[in-house]
Every structure is written in structure tokens, then in C-alpha cells.
Amino acid sequence: MKITSALLFLLCLVWQVPAGAVSNAERSEHGMVVSANAASSAVGVAIMKRGGNAIDAAVAVAFSLAVTHPTAGNIGGGGFLVYQGSEGSPVAYDFRETAPGASHPEMWLVDGQYSYERHHLSHLSVGVPGTVAGLYLAWQDAGSLPWADLLAPAIEQAKKGIVVTDGLARSLEHVLPRMQKYPASVAKFTNEGTPLAAGEVWRQPDLAATLKRIADKGPDGFYRGRTADLIVAEMQRGGGIITHEDLAGYAAKRRAPVRGSYRGYDVLSMPPPSSGGVAIVEMLNILEGYDLAASGFGSARSLHLMTEAMRRAYADRARYLGDPDYVEMPLARLTSKDYAAELRGTIDPEKASFSSPESFTWPAESKQTTHFSVVDKDRNAVSLTYTLEYSYGSAIVVPGGGFLLNNEMGDFNAGPGLTDSTGLIGTSANLAEPGKRMLSSMSPTIVNRDGEVFMVTGTPGGRTIINTVLQTILNVIDHGANAQTAVDLGRIHHQWLPDVIEMEKLAFSPDTIRMLEAQGHRIEEIDDQGVAEVILVNDGVLEGGVDRRQWDGGVAGY
Ligand code: DON
């Protein structure tokens, strides 16, 4: 029996078909990048081939995505990076945007009334960007190639131009109406008003010049001097409040990753101001008490238990989490096995529990952030998620700077006491205050086995991020999926309130859905959830899973 399995395994390797899995995954030996743009993944691999490590590659990929993937790749936004070196302790880099110094909890009110426009779509929605400072801090700690070399590929892409993909052209169609009031945005993303078409070469000279200043001067090329002048001028023109002091005072932070374990694997993820790591560990702790492998992928029992874990973790997220520099949080308790056991005691395996709506529901978020995963030849690993918040952020291009500004201030709560059933939240942990980081769901995550990197995972998708990352982990650890299958399999999302399970269309059987409904769950079908980018390290081989829910993603390896 053993011999037969071994033979089958060998044959599978020859055919490049993973044993016991559905989809082919890309494989390579030395280094790998999986990102939302194939050309940017290739930039990362080229850096590694030149001797760069995973941090060097990640910095180069992040700057490249700011050119190739403007929906979310950015220098005008912020994000998180979890780094696991082959030696030393893992580190989480927090380069989340901060609220400008003149922010206050009631800044979204006009004549006492909450204004969605002001909160999400105005110059006031722009947070102080963190990306450049964050990438620089990670590079200072662990990079090996010269800083300017890591920006060179992005500068070249911006200067010489990139070919507009189908995906980029289509996403621009959606955003152009929102850009009409900003001439610099229209100028950047159209040919004098005509939308960029798939196949044409698109040059971004202002962005190239800004990247060159960053290459030459480091963060000072962004937070001071000409780039800062351009940002502040646009703020003054459009009624924004970011000042030179806000920019010069921005600091990225090193934080200790949130740690947990799941069936013998170690999980490292992003701590607050992301809610992601805490919620993922809490859900994994709850689910560890059930045999999900025996229940099977997509079974009503597995989906019910996952939903109940999600419901509880998202309720805690809403109740407790915010910027750790401003808010006290019971993190040790939320991530403990004992607490998970208590929560399991409240789960009826046959029946849906009930999300009490006496407090609030969550506002809708758009689906544009981007994640990429990197592993190098020494098995250093980077998991990086960054964002402008909405697709193309605030849609404001800094005139002369050539880059988009985020609208991340929209991730702060609406205002004190403004909790209501339409989706506004007014709890205090996540109200705007000067210098504060808005709560995030971004969850770059690394899973280790026996102290070595085993899985790098992450995704965009607003609040769904946390559940998408959870499911990529369950798919691999409980259901034996390879990297590609882990990404391909259908996903669900429950976020406490509204009390509904969103399920990807055509991904689960109607029988399963009926069984869940019979248990008392409300189901809604959705087109798709998230865009996960996964690398697995299996017996020395790197396996990449790129999400086909996106247009332009790509695995590159060598
Ligand atoms: O930080 C957050 O959680 C959100 N601003 C992320 C937004 C997002 O993922 C949009 N979608 N893909």
C-alpha cells in the first residue's frame, strides 16, 4: 500500500499534478512572487536573481504595482507587511495611514448630519500616506540591495510605459466618472479625455519623477521637499487638511506579529491597527476543536461551524479593536485557546446562533486593495497587503506628482454615537483623532511548520479579507489543498452583522445551502470574494496559487 502511494506521488511529481488536489499550481525552486500583476511579479523575481532577498523583492514589487496596478498599488496609501526571516524574530511593519493633525471625531458631520461624501470621497477622506515610510523601514532592517536599485524597475515602467491590460482598461471605465472633477486624474488616466484602451502603451512621467525623488532621497523624497509641496498644494486647493507637519511627522512602526497555532502549525499575522490577525487566530482557535477534515470541504457542517466562528470573531472585532497607540485591547484573551473553548461552548452544532443587532451593522466597503506574497532562496518570506481603500482611492491624483491619494479616513467610524441600523458605526475605539490609525481588516499572514515558513497568504476585500485568509489556511491544513486549489475553492463570509452568510455563486451545492437554511442561516449569493495570492513551501519546492478572480495576476518564480 505504501509502495503504491509512493509510486503515485512520484508520478504526480513527473506530471506536475499535485497529489490529492484539483488545480495545477506553478512551482519553482529558488524564489517566488505571486501578485496582482504578472509584470510586477517578474520584477520581484529579477531582483532575487540579482541577489536580492525577499524584502528587496517586496519593495521592488510594491513600487512596481504603484505603476502597473493603480487600483490599489500605491505610494499614496498605506498597508502592512509581515516578515519572517530565515533567522531572527518575525516582524510586522505597520505603515497604515494616519489621521492629519486637524482631525476630530465629528469631522464627517455637516450641520450635524453625517456626510458619506465627506467621509469617503472628499479631500478630507485622505489619510497621511504610509507606504513609502513602511517600505523604507523594512528595507533598512532587512534589505540587501541599494534602495535606488529597488525603485529602478518601477521608474522604468513609469517612464517607458506599460501596456494597458484589459483589466486596467475595464476598471478605468468604472472610475472615470468619479475622476471628472479632478483634472490631474483625468489627464493621467485618459488620452485628453479618451479612456486608455487595452493594448496601448501608457506612460506616467510625473509618477516616474516622483519615484526618482524617492529613489534619490528615500522617504524625504516623498514626505518633504517637492512631493510634499505638491500634496499640500492639492490639499489646500480641495479643502483637505494634510499639512507639511503631518507629512514630515509620519512614522512607520515595527510591531510584534499576532501569533497563534492551528493543528501544530504556527500562525503569524498582522496585529492592530489591523483587526485581521486577532480575528484569524480567534477563529482558528475555535475551529481547532472540530474535525473539519472529517466533515469535508463545503459540507453543511463545516460551513456552519466556520460561520459561527466568524460571527463571534467579528463581534469581538467590532467591540474591541482600534489603534493600539490609542485604545486598550484584551488581545491576549481574544487570541487564547481558553477563550476559544468558552466560545465553542456557545455554538450549537445543529443550529445557527443569532447576531444581536442591538448595536450596529458595518458599512459597505469596496473591493480594491492588493496583496502579494514573496519567498526567496533562503526561505525569507514577506506577506504584504496595501491599499488606497476604494478602487483608485480618493480618485485624486496629486497634480505634478502623478500618484493617487487614498481615501482611508473612511475606515474611521462615522462619529460619536452615530451607530444605527443603516450601517453607521459610532463606537469610540475607532473614531478619528489626530495622528490615529484607522482600523483595518488587512491580514498579511505567514504560517510556519517546525519553525520554517510553510505558507504565505493574504488578499484584498475589505472586511472579507479576514475570512478569505482563514479559508486559504483551512483549505491547505484541513483539506489538503495545494496552493492553487487553496485559492480556487469557493469562499463564504459572515461578519456578525448583517446576520447573513455570503456564499460565492456556483461554489457550493444547493443541498448544502438548503441544509444551512434549515439550521436557521440566511444565505446570499455573491459573485466572488477576495483575490488571494498564496505561496506554499513543500519539501523545498515553492508552489504558487494566483487568484483567477482577478484580471492581471501572475506567479513568477525561478
Ligand atoms: O484597511 C482596510 O481594511 C480597508 N481599507 C481595505 C479595503 C479593501 O480591502 C478594499 N478591497 N479590496
Side-chain angles (χ1 to χ4, degrees), residues 35-37 65 69-74 76-82 92-99 119-121 125-131 134 167 171 174-175 269-280 313-314 317-318 321-323 362-372 383-395 404-414 425 429-430 432 436-445 457-470 491 493 495 502 526-533 547 549-553:
S35 85
N37 183 279
L65 286 169
H69 187 62
T71 57
N74 69 79
F80 305 126
L81 183 163
V82 175
Y93 292 94
D94 167 2
F95 47 100
R96 184 68 162 164
E97 297 91 328
T98 54
H119 193 187
H120 295 275
L121 298 172
S125 74
V126 182
V128 181
T131 296
S171 76
H174 290 287
V175 76
S269 191
M270 196 63 210
S274 174
S275 55
V278 173
I280 288 167
Y314 275 77
R317 171 194 193 272
L321 303 183
D323 182 341
W362 290 94
E365 279 173 273
S366 77
K367 293 205 173 165
Q368 280 308 334
T369 292
T370 192
H371 174 85
F372 61 88
S383 187
L384 190 154
T385 314
Y386 71 158
T387 188
L388 291 163
E389 161 62 350
Y390 283 7
S391 185
Y392 298 90
S394 63
L404 282 160
L405 292 168
N406 67 82
N407 62 332
E408 217 76 55
M409 295 287 280
D411 277 357
F412 280 120
N413 290 352
I425 307 177
N430 188 36
K436 190 176 184 182
R437 284 156 151 87
M438 54 297 281
L439 185 65
S440 173
S441 300
M442 290 187 287
S443 312
T445 298
T457 179
T459 182
R463 285 150 298 146
T464 67
I465 288 173
I466 302 168
N467 286 332
T468 296
V469 172
L470 171 78
R491 306 203 253 262
H493 174 67
Q495 58 177 38
E502 292 181 347
I526 53 161
D527 286 337
D528 53 46
Q529 177 182 316
V531 183
E533 320 285 7
D547 204 318
R549 294 166 181 81
Q550 71 200 324
W551 301 97
D552 300 332

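Counting convention: from 1, in listed order, for ligands and their atoms alike. Note that these values count all heavy atoms, side chains included, but never hydrogens, waters or copies made by symmetry. Position 1 is the first residue of the sequence, and the numbers go up from there.
Between the CZ atom in Arg437 and the CG atom in Asp94 there is a gap of 4.0 Å [rounded to 0.5 Å]. How far CD of Gln529 is from OG1 of Thr468: 3.5 Å, rounded to the nearest 0.5 Å.
Remark: Ser443 pairs with no residue by the side chain to side chain donor-acceptor pair (under 3.5 Å) rule, at least two apart or across chains. Residues passing the side chain to side chain donor-acceptor pair (under 3.5 Å) test with Thr459: none are found, sequence neighbours excluded.
Each of the following atoms of ligand 1 lies closer than 4.0 Å to a heavy atom of Ser441: 1 (O), 2 (C), 3 (O). Under a 4.0 Å criterion applied to the non-hydrogen atoms of Ile465, ligand 1 contributes the atoms 9 (O). Interface of Gly462 with ligand 1, defined as ligand atoms under 4.0 Å from a residue heavy atom, comprises 8 (C), 9 (O), 10 (C), 11 (N), 12 (N). Counting the atoms of ligand 1 from 1 in the order shown, those under 4.0 Å from a heavy atom of Met442 are 1 (O), 3 (O).
With a heavy-atom cut-off of 4.0 Å, Glu408 touches ligand 1 through its side chain alone.
Closest to atom 4 (C) of ligand 1 by heavy atom, among Ile466, Thr387, Asp411, is Asp411. Nearest to atom 8 (C) of ligand 1 by heavy atom, out of Leu388, Thr370, Thr369, Leu439, is Thr369.
Heavy atoms only, all atoms of each residue included: Thr445 and Ser269 are closest at OG1-OG, 2.7 Å.
Taking 4.0 Å as the cut-off between side-chain N and carboxylate O, Arg96 and Asp411 count as a salt-bridged pair.
Residue contact check for ligand 1: Arg96 places a non-hydrogen atom closer than 4.0 Å to it.
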